[in-house]
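Before any comments, here is the structure.
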Amino acid sequence: MSPQRERILKAAAHLFARDGYHGAGMAQLEQEVGLKRGALYHHIGNKESLLYEISRTQLEHMVGIASRIVEETPDETECFRRLARTLLRNIADHRLEWTVHYRDFNALTGERLEHVLELRRRYSEIWQRVYASGVERGLFQPAEPRVAVLGILGMFNYSYLWIEADGRLDTDRIADLYCDIFLRGVLLPPHPAPEE
């Protein structure tokens, strides 16, 4: 991605997060980045393209990271913790982008909306596979993996409303706390060792 395009996307994320996708105008973006409309459209296409790029970039990044974590971490409990830590760190580091995504992604249309929904589904399914594997190994309580994962992801996804990336809140500690709350609710008690 060119530095100019990256600068435009950052400015758009700031405007959309502050004013909402529908409330932010292209004139504001022109002023923010110091480009005339023709030059701006040359770099980004149109306003919906900006919303799509903001959402797509973060989602593709998280799908890639989550896929690697699952490959590297055979223990389901630790895998959940690593997935949680990376998600919360990313939300804190890219709070504006996630604010825009969660609040406005449904303003996308056609193939762009379908692609974003597919990325969201793929990310959720990675977590669901980890949960289902933990159930199969007798670590987690049998439950519908999709419902369990929607529950824990809901805890993380709404953190964009309050989390800050300024170091006052340690994202790994928050992620571990959320995992403790979730996992203690689904972990089965260890089976007692058979008497000899």
Exercise. Using a distance-only test with no angle check, is there a side-chain donor-acceptor pair under 3.5 angstrom linking W98 and N90?
Worked result: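 On atom types as modelled, these side chains qualify, holding a pair under 3.5 Å.
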For this session: Give a yes-or-no answer on whether the side chains of W127 and Y123 include a donor-acceptor pair shorter than 3.5 Å.
Result: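 Present: a donor and an acceptor within the cut-off.
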Got a second to check how far [X]'s [atom1] is from [Y]'s [atom2], nearest 0.5 Å?
| X | Y | atom1 | atom2 | value |
| --- | --- | --- | --- | --- |
| S67 | I126 | OG | CD1 | 3.5 Å |
| C179 | R81 | SG | CZ | 5.5 Å |
| N157 | L88 | CG | CG | 10.0 Å |
| L29 | L9 | CG | CG | 9.5 Å |
| D104 | T99 | CG | OG1 | 10.0 Å |
| L108 | R56 | CG | CZ | 11.5 Å |

Heavy-atom pair of closest approach, residues [X] and [Y]:
| X | Y | result |
| --- | --- | --- |
| V135 | P142 | CG1-CA, 3.9 Å |
| C79 | I69 | SG-CG2, 3.9 Å |
| R89 | T171 | CG-OG1, 3.1 Å |
| H22 | A107 | NE2-CB, 3.8 Å |
| Y131 | P145 | CD2-CA, 3.8 Å |
| M62 | L87 | CE-CA, 3.6 Å |

Taking [Y] as the starting point, is it possible to reach [X] by hopping between hydrophobic residues whose side chains are less than 4.5 Å apart?
| X | Y | result |
| --- | --- | --- |
| I91 | L150 | no |
| L153 | V147 | no |
| Y178 | L161 | yes |

For this session: Please report the C-alpha distance between F140 and L183 in whole Å, then the side-chain angles of each, then the deciding distance to 0.1 Å, and finally whether the side chain to side chain contact (heavy atoms under 4.5 Å, CB included) criterion is met.
Result: CA-CA 8 Å; F140 303 156; L183 291 171; 3.8 Å; yes
For this session: Please report the C-alpha distance between F80 and I152 in whole Å, then the side-chain angles of each, then the deciding distance to 0.1 Å, and finally whether the side chain to side chain contact (heavy atoms under 4.5 Å, CB included) criterion is met.
Result: CA-CA 10 Å; F80 252 71; I152 193 167; 4.1 Å; yes
For this session: Mind checking ring-ring contact (aromatic ring centres under 6.0 Å, His included) for Y158 and listing every partner two or more places apart, or none if nothing turns up?
Result: none
Exercise. Short question: side chain of R95, backbone of I163 - any donor-acceptor pair under 3.5 Å?
Worked result: yes
Exercise. Is there a donor-acceptor contact under 3.5 Å from the side chain of T57 to the main chain of E53?
Worked result: yes
Exercise. Name the one of D176, D170, D172 that satisfies salt bridge (Lys or Arg N to Asp or Glu O under 4.0 Å) with R85?
Worked result: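 Filter result, single survivor: D176.
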Seminar exercise, completed: Across all chains, not counting sequence neighbours, the side-chain hydrogen bond (donor to acceptor under 3.5 Å, both in side chains) partners of R82 are E72, T73
Seminar exercise, completed: Residue set satisfying side-chain hydrogen bond (donor to acceptor under 3.5 Å, both in side chains) with S49, at least two apart, ordered chain then number -> N46, R112
Solution key, residues 10-21 side-chain donor-acceptor pairs under 3.5 Å, sequence neighbours excluded:
unit_1	atom_1	unit_2	atom_2	d
K10	NZ	E97	OE2	3.3
D19	OD2	Q28	NE2	3.0
Y21	OH	E48	N	3.4

Exercise. Does the pair S124 and Q128 meet the rule for a side chain to side chain donor-acceptor pair (under 3.5 Å), with working shown?
Worked result: CA-CA 6 Å; S124 177; Q128 289 174 47; 2.9 Å; yes
Exercise. Under the ring pair (Phe, Tyr, Trp, His ring centres under 6.0 Å) criterion, do F156 and F182 qualify, and how do the steps go?
Worked result: CA-CA 11 Å; F156 289 105; F182 178 77; 9.1 Å; no
Problem set entry | pair S55-V100: side-chain heavy atoms closer than 4.5 Å | no
Which donor-acceptor pairs under 3.5 Å do the side chains of residues 113-120 make with protein atoms, sequence neighbours left out?
unit_1	atom_1	unit_2	atom_2	d
H115	ND1	Y52	OH	2.7
E118	OE1	R121	NE	3.0
E118	OE1	R121	NH2	2.9
E118	OE2	R121	NH2	2.4
R120	NH1	H101	NE2	2.9

For this session: List in chain and number order the residues that pass side chain to side chain contact (heavy atoms under 4.5 Å, CB included) with D75, two or more places apart in sequence or in another chain; answer none if no residue qualifies.
Result: T77, E78, R137
